[in-house]
Enquirer: 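Structure in structure tokens, see below.
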Amino acid sequence: MALPYDVKRIEKKWQEKWLEDKTYELDVTSSKPKSYILCMYPYPSGPAHQGHVRNYTFGDLLVRYRTMQGENVLSPIGFDSFGLPAENAAIKTGEHPRPFTEAKITELKESLIRLGASYDWSRVIKSHDPNYIRWNQYIFLKFFKNGLAYRKKAPVNWCPGCQTVLANEQVLPDGTCERSHDVVEQHELNQWFFKITTYAEDLLNGLEDLNWPDRVKTMQRNWIGKSTGAEFDLKIKDHENLKLRVFTTRPDTSFGMTYAVIAPEHPLTLQLTTKENEVHVRDLIERVVKENEIKRLSSEGELTKRGAFTGSYAINPFNNKEIPIFIADYVLMAYGTGAIMAVPAEDERDFEFANIYNLPIVRTTQPPDDFGDGPYSGNGIKINSDWLNGLEINEAKEKAISWLESEGIGEKKVNYRLRDWLISRQRYWGCPIPVVYCENCGLVGVDESDLPILAPDDVEFLPTGDSPLKRHELFVNTLCPQCGELAKRETDTMDTFVDSSWYFLRFIDPHNEFEPFSKDLVEKFMPVDQYIGGVEHAILHLLYARFYSRAFVDLELSPKNAVEPFRQLFTQGMIRLNGSKMSKSKGNLVAPLKYFDTFGADSLRLFHLFVGPPQDDVDWTDQTDEVIEGMSRFLARVYRLSAPKFAQDEDGLRNKFKEYELRPETNEDSQIEKLRHRTIKRVTESFEKWAFNSAVATLMEFTNALTKYAYSGARKETINEAIDTLLLLLCPMAPHITAELYELRNSKHIHEQRWPTFDAKIAKEDSVTLVVQINGKLKDKIDVPSDITEDDAIKLANSSTKISEHLTGVEVKRIVSRPPRLVNFVI
RNA sequence: GCCCGAGUGGCGAAACAGGUAGACGCGGCGGACUCAAAAUCCGUUGUCCUUAUAGACGUGCGGGUUCGAAUCCCGCCUCGGGCACCA
């Protein structure tokens, strides 16, 4: 296809100009209203892929649009440059991850520039940069000193593919690693954790006011998993000195407790097991220990094999009845107290278990009359519950809790599903944890003045699964910062999600050598006004960043206005190719590069904006190339319209435009002027709603109308203003060609112009189509003035021959009119 | 199983707040230009019936509310996503 202009030359010219002029570098001192627009910073895996293009096109559109609206826009970019792929490549090829990563960053940066994305390149952050490592470690030490970072031995998720442990958030529901998709194993290891659970309640409450997609908020709520109930002690028969503590969300059902269940790993398990039951109990424990959590929770339908009677009995404190104690794998040690009271009549799992072991089932809530025999967890009146009888569930809960408290055996209790964030990784290419193990002093944080602690370069990358740091004597052996004796360094590095938990703050003050960031600047530029990224980070990154932000406020690193980092979040849809997610690992990328070289970045950007709503997934199909070509066809039309004399077309095409006329404004001219105002209105409103596809469509309509107008002989002043408006409205979407055309026409830089404004009065249509219906069916359309009165509208409708045909000899029962759009005769 | 979201021409989609369903684009068809093609421009394009006029049908399915429903309500179906022995 022959374009009327040299795409490559024009795009390169403007990309260079934006860099040279530093068009999008932030003026920190500006008094204009600030606007912080941020796309999730990318992991550098090579040139940008279509997912990046989509993400950064949305971001760039907003950056340019808000800038034109007179806002002081902060638009930074960086690279999430620590991570496994670089290290895995090192193991394969022997090449050190640093040059490998740097090369990828260069490629990615290059393609972002070719996309025409506008960033403040003076603020680039790379997470593997020693400067960033330094402050990352500084923050770790702050956390460590304040009890937010701690080390403990715990069962953790081990990914054999990645050869490292994972946080709970990095394990998929099917028990596989979210990166490598290997089945995750449970290992008991000593690891570093961040105390995110401290903020569970706060993280939950904070969601309320965020302008985020509901589904992301819901996902975070589910993940935090708050449940309110009671915890209390059960006495144990023949064990005067022992108590069994249980957690329940339904203290109102306590009278229906007919047995108790403890987790196999519960500390009391062996003590409570009598000799004759020992074999079964030990069998179960052995099996459970071997299995990982996921497998254990997924062994549905085999309940018989999943529990065992201990031989001991507890006393239900509510009615003093003896109840048998079982162990079962469906009770988890990590949640609540690791022990439950079982109420089979009101809990499905307990009900199933009770049926298998023939345990009594006693209803304590009256179900509706037509309810069968199954477990009932709905509302109702309490029965079989002595002093709770007759109460509603919620009243009964309160009363049961008060009773527990007055007896001194229990209290109200809130539990969360959220567990602390495991941040140790047994890998080299990450931020080292700045801690030393000393025989005298124990765990000692490195001196701040010694930061950053950098991993040595002269290491061997071997596929052993051990971090190369472990084998590096010079790194490992050090002196204790406290007592000066020989000590050993921590060789684990931090989860890369640590790096991304605060990078948006460092962007505000990226060259600060004295602190991670200035509190004053953060106060000025936080929160991020618009955050844009993939929904796959709904829990991981977005939860961790919220945790960090809270901790920073508490540690007085950040001002209070930074407590919620992302005021507004937009999650874009994925790109699919033949139904499956487009990704490098699947090898099904359709690289943007080939489009840069042919139709140009502007066309590719326009495609991503036009193809559908930004939050929807995009199907990359056989037709896609043709649609992208269609976008470049549209831009070519804009070019021919805006600068016909410069269009490199054959003569026949160029000369179709008549010379513009100098003349007083005719009705046709003022219609174009009206359309211009209407177009500004529609595009502006579409931008605000993120309806970019509609904005493009509106500009296509405008272009078509203007082309027709120009062909038929246009008034010079009117057409020129309309074309300039078209270019201004289009420039956040297609920044290169509009800049070129605006310069050709006006010798000015379009990206320094203001966003056009409209006059609502002029934008108003002065004639509209009146729809005339009979019984709600369309019968006629009449053009009427938009300020027509109701009476006139009805008269006009009545006088239409198409209508009178239907109305002669029939009784009109009712006339519904909504002037100026509709008149409906009901007959 | 539970909770969210979505289903509109051959395709991607649009439709403010219940008021012309299908804007805009891709593809198709027809035409102009050309020796021819490409490019470009013009016209046409939901389905059915009809020479046309006119009409009927049509927003996943079945009901309902309304003068009027893609839009609101009830009940289903399909797809996508999240959660799922969390007591």
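Below, read A as the first sequence line, B as the second, and so on, with proteins coming before strands; counting in each chain starts at 1. Since we're looking at a predicted model, the values are computed, not measured.
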Enquirer: In this structure, how many angstroms lie between the C1' atom of B:C67 and the CD1 atom of A:I794, rounded?
Expert: 13 Å
Enquirer: How far, in whole Å, is B:A6 from B:C16 if one measures between their P atoms?
Expert: 14 Å
Enquirer: I need the CD1-P distance between A:I774 and B:A56, as an integer number of Å.
Expert: 11 Å
Enquirer: Is B:G9 in the syn or the anti form, by the rule that syn lies within 90° of 0?
Expert: syn
Enquirer: Between B:A15 atom P and A:L778 atom CG, what is the distance in whole Å?
Expert: 21 Å
Enquirer: Is the number of heavy atoms from other residues, nucleotides or ligands under 6.0 Å of A:R245 CZ greater than 12?
Expert: yes
Enquirer: Give a yes/no on whether any side-chain N or O of A:R682 is located under 4.0 angstrom from OP1 or OP2 of B:A15.
Expert: no
Enquirer: What integer number of Å spans the C1' atoms of B:G10 and B:G80?
Expert: 23 Å
Enquirer: Provide the distance between the two P atoms, one in B:U53 and one in B:C67, to the nearest whole Å.
Expert: 33 Å
Enquirer: So if I take every side-chain heavy atom of A:K777 and compare against B:C24, B:G10, B:C57, which nucleotide ends up nearest?
Expert: B:C57
Enquirer: Given B:A87, B:U40, B:G12, identify the nucleotide with an atom nearest to the side chain of A:R640.
Expert: B:U40
Enquirer: Can you tell me how far C1' in B:A39 sits from the matching atom in B:C33, rounded to whole Å?
Expert: 11 Å
Enquirer: Provide, to the nearest angstrom, the distance between the CD atom belonging to A:Q623 and the C1' atom belonging to B:G12.
Expert: 7 Å
Enquirer: I want to verify a distance call: between B:G80, B:C24, B:A87, whose nearest atom is closest to the A:R576 side chain?
Expert: B:G80
Enquirer: Base, sugar-phosphate alone, or nothing: which one does A:R637 contact when heavy atoms must sit under 4.0 Å apart?
Expert: sugar-phosphate
Enquirer: Expressed as a whole number of angstroms, how long is the span from A:F351:CZ to B:G1:C1'?
Expert: 16 Å
Enquirer: Can you identify which nucleotide, out of B:C83, B:C41, B:U20, has its nearest atom closest to the A:I539 side chain?
Expert: B:C83
Enquirer: Which residue lies toward the 5' end of RNA chain B, A:T218 or A:N704, if each is placed at its nearest nucleotide?
Expert: A:T218
Enquirer: Given the P atoms of B:G82 and B:C74, what is the spacing between them in whole Å?
Expert: 27 Å
Enquirer: Picking from B:C67, B:C26, B:C83, which would you name as closest to the side chain of A:R814?
Expert: B:C67
Enquirer: Under 30°, 30 to 60°, or over 60°: which ring-plane class applies to A:W690 and A:F692, parallel, tilted or perpendicular?
Expert: tilted
Enquirer: What I want to check is whether an N or O donor and acceptor connect the side chain of A:N824 with the base of B:C67 at under 3.5 Å.
Expert: yes
Enquirer: Using ring pair (Phe, Tyr, Trp, His ring centres under 6.0 Å), reason through A:F607 and A:W620 one step at a time and then give a plain yes or no.
Expert: CA-CA 11 Å; A:F607 163 77; A:W620 202 274; 5.5 Å; yes
Enquirer: Pick base, sugar-phosphate or nothing for A:G630, based on heavy-atom distances below 4.0 Å to the nucleic acid.
Expert: sugar-phosphate
Enquirer: Taking B:U71 as the reference, what is the distance to B:G62 when you measure between their P atoms (whole Å, please)?
Expert: 13 Å
Enquirer: Just name whichever nucleotide pairs with B:G30, Watson-Crick or G-U, keeping both distances under 3.5 Å, else none.
Expert: B:C42
Enquirer: I want to verify a distance call: between B:G19, B:G81, B:G25, whose nearest atom is closest to the A:R215 side chain?
Expert: B:G81
Enquirer: Carefully, step by step, assess A:Y335 and A:S227 under the rule side chain to side chain donor-acceptor pair (under 3.5 Å).
Expert: CA-CA 11 Å; A:Y335 186 78; A:S227 53; 2.6 Å; yes
Enquirer: Would you please test A:S377 and A:E346 for side chain to side chain donor-acceptor pair (under 3.5 Å) and show each step?
Expert: CA-CA 5 Å; A:S377 55; A:E346 271 105 29; over 6 Å; no
Enquirer: So among A:Y357, A:F353, A:F351, which one has a ring-ring contact (aromatic ring centres under 6.0 Å, His included) with A:Y259?
Expert: A:F353
Enquirer: Does atom NZ of A:K674 have more than 12 heavy-atom neighbours from other groups under 6.0 Å away?
Expert: yes
Enquirer: From CZ of A:F610 over to P of B:A13, roughly how many Å is that when rounded to an integer?
Expert: 11 Å
Enquirer: Between B:U65 and B:G1, how far apart are the P atoms? Round to whole Å, please.
Expert: 32 Å
Enquirer: Do A:R818 and B:G19 have a side chain to base donor-acceptor pair shorter than 3.5 Å?
Expert: yes
Enquirer: In the structure shown, which nucleotide is the Watson-Crick or G-U wobble counterpart of B:A21, with both distances under 3.5 Å?
Expert: none
Enquirer: The side chain of A:P613 lies closest to which of these nucleotides: B:G19, B:C83, B:A14?
Expert: B:A14
Enquirer: B:G9 pairs with which nucleotide, Watson-Crick or G-U wobble, both distances below 3.5 Å?
Expert: none
Enquirer: Between A:N693 and B:A14, is there a contact of a side-chain N or O with OP1 or OP2 at under 4.0 Å?
Expert: yes
Enquirer: From the set B:G25, B:G82, B:G12, return the single nucleotide nearest to any side-chain atom of A:V611.
Expert: B:G12
Enquirer: Where each residue is assigned the nucleotide of RNA chain B containing its nearest heavy atom, which of A:T707 and A:K779 is assigned the position nearer the 5′ end?
Expert: A:T707
Enquirer: Could you give the distance separating B:U59 and B:U50 at their C1' atoms, to the nearest angstrom?
Expert: 26 Å
Enquirer: Do A:E348 and B:G1 have a side chain to base donor-acceptor pair shorter than 3.5 Å?
Expert: no
Enquirer: Whole-Å distance between B:G1 C1' and A:D347 CG?
Expert: 14 Å
Enquirer: Give a yes or no on this: more than 12 heavy atoms of other residues, nucleotides or ligands lie within 6.0 Å of atom CD of A:E348.
Expert: no
Enquirer: Name the closest nucleotide to the A:V331 side chain, picking from B:A87, B:A21, B:G82.
Expert: B:A87
Enquirer: Which of the following nucleotides, B:A15, B:G19, B:C26, is nearest to the side chain of A:Q773?
Expert: B:G19
Enquirer: Starting from P on B:A13, measure out to CZ on A:F692 and report it in whole angstrom.
Expert: 17 Å
